[in-house]
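Report on one structure; see the data block that follows.
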Protein chains: 2
Amino acid sequence: MRASDRAYAALRDDITEWRLLPGTVLAEVEQSERLGVSRTPLREALSRLTAEGLTTTAGSRGVVVTDVSLDDIDELFELRETLESKAAALAAERADPGVFLQLHKELLEAPALIDGSDPGRHAYYDLAGRLDAAIDAAVSNSYLAQAMRGLRVHLVRVRRLAADDAQRLTAAAAEHAAIAEAIAARNPRLAEAATILHLHRSLSHVKNTHTPHHKEHHG
Amino acid sequence: MRASDRAYAALRDDITEWRLLPGTVLAEVEQSERLGVSRTPLREALSRLTAEGLTTTAGSRGVVVTDVSLDDIDELFELRETLESKAAALAAERADPGVFLQLHKELLEAPALIDGSDPGRHAYYDLAGRLDAAIDAAVSNSYLAQAMRGLRVHLVRVRRLAADDAQRLTAAAAEHAAIAEAIAARNPRLAEAATILHLHRSLSHVKNTHTPHHKEHHG
DNA sequence: ATGAGGCCTTCTGTATACACTGAGGGAGTC
DNA sequence: GACTCCCTCAGTGTATACAGAAGGCCTCAT
């Protein structure tokens, strides 16, 4: 793997896992020494992060980690609802039902995954990721898929703000199951409605459980 | 202005103006010499182009200009319809009507601009760009605005494929005027409908006037 | 004491040199 | 004659050196 890829992945994870807090200045020499790469691949990594919106160039002070305010979360979910509800509807028109029937079956059994002992909930998030990937594949629109990929990076960061307790994840699994079921039934409007419902509940959960502490890390 | 910005702008224009045809290999040393910059800023420019989708890294052969097939245009307009119809609806909910009343008035007078002698139709495209900017500002969603910015780069390239004759531009101006009018009237569903209608007619025009010659430039 | 100006430090932006990988061609062998 | 192996070369990936700019701090003058 290239050094620039390693630097990008490391920085992206540090930002989405909130190890690098908003407002942190990412000085090139400092980060290149920390990550063990030279400045050239590090700059490429910073360019990619800035293109995705995880960092921004603050004048001549280098790049800083972007903030995530309450307004940002609203805007993020507004775009997310636009894209994902459309994607779900298109998937319902174009999908092979078999894939989504299988996903639906697995999602109904998701509570067993969530009650498990994995604190990272990897098994569940893997399953949710497979549903996203299946929708992307069914929609078969590379531009739409790219736009949603760009969003999901930010969503991982927001997800870390909310306490994803077992109760919420169990409910989310049921909502995901409803989406998969609607797509398998090839019902676009139902798939769209199920997606909108799921996203609204996700947003409510994020906003209720964890009032974002977005202005306290600016030193 | 930085050298990397100049290199990016030059390459982006060369690609959207079809001076660099799809399939063209952009070798780093060759392009850095042509544009009069070093390899380092040129690489940054190529990274930006690749992030936008105008180029792609073809294995170890460097970056190549991406192709625009008929399917790509369909996908592009599918995403464009999703984003712009939503943006128009949100703008209708949130806009200050004054701005769009003024734009509506100017768009009704657009045929005078189009009949002018400017072959680049700059006056008209400026007006259309101001409508886009006004919608972006009214929606006030930076994520949605960024997603639409990413699309517009590709649309400029596709526009060059179609013969934007005075007749089509006059019709497009009327469609734009309908969108501005609906937003000024604060009617979201009407704004959405007018946008969908405009995009469908644009797509039909592109596909009818100029069957894309997308497989003939691959040497 | 306070403000302004100059110097110094440290950062980014750019250029260039070096290494490594992959592909292509030529020669040798079966 | 064909296939395989090796050599060479071109091109990217990485490191580092250098220059220009900006910000901060110190000093001097008022």
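So that the names make sense, note that chain A is the first sequence line, chain B the second, and so on, each numbered from 1. Quick caveat: nothing in here was measured; it's all calculated off a predicted structure.
Residues B:His198 and B:Glu84 fail the side-chain proximity criterion, which asks for heavy atoms closer than 4.5 Å. At least one side-chain heavy atom of A:Arg121 sits under 4.5 Å from a side-chain heavy atom of A:Ile114.
Applying the 6.0 Å contact sphere to CZ of A:Arg159 captures more than 12 heavy atoms from other residues, nucleotides or ligands. Around the CZ atom of B:Arg152, the shell of radius 6.0 Å holds more than 12 heavy atoms that belong to other residues, nucleotides or ligands.
In plain terms, the two heavy atoms of B:Ala89 and B:Ala191 that are nearest each other are N-CB, 4.4 Å. Nearest heavy atom pair, residue B:Thr16 against residue B:Arg160, reads O-CG, 3.4 Å. In terms of heavy atoms, A:Asn141 sits closest to B:Glu78 at ND2-OE1, 3.0 Å.
In this structure, A:Leu26 places its CG atom 10 Å from P of C:dT12, rounding to the nearest Å. Computed from coordinates, the A:Glu44 CD to D:dT12 P distance equals 13 Å when rounded to whole Å. Note: CD (A:Glu30) to C1' (C:dT9) measures 17 Å, nearest angstrom. Summarising the geometry, the separation between CG on A:Leu42 and C1' on D:dT14 is reported as 12 Å, rounded to the nearest angstrom. The distance from atom CZ of B:Arg43 to atom C1' of C:dT16 is 14 Å, rounded to the nearest whole Å. The distance between atom CE of A:Met1 and atom C1' of D:dG13, rounded to the nearest whole Å, is 15 Å. B:Glu28 places its CD atom 11 Å from the P atom of D:dT14, with the value rounded to the nearest Å. We find that CZ of A:Arg39 is positioned 11 Å from P of C:dT14, with the value rounded to whole Å.
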Taking N or O atoms only and anything under 3.5 Å, show me the protein contacts with nucleotides 22-25 of chain D, one pair per line.
none

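One donor-acceptor pair, N or O on each side, does fall under 3.5 Å between the base of C:dT16 and the side chain of B:Thr40.
Listed by residue number, B:Val37, B:Ser38 are the residues of residues 31-38 of chain B with a heavy-atom contact under 4.0 Å to DNA chain C.
For A:His205, there are no ring-ring contact (aromatic ring centres under 6.0 Å, His included) partners at least two apart in sequence or on another chain.
Only one option out of A:Lys207, A:Arg201, A:His200 pairs with A:Leu203 in a side-chain contact (heavy atoms from CB on, under 4.5 Å); it is A:Lys207.
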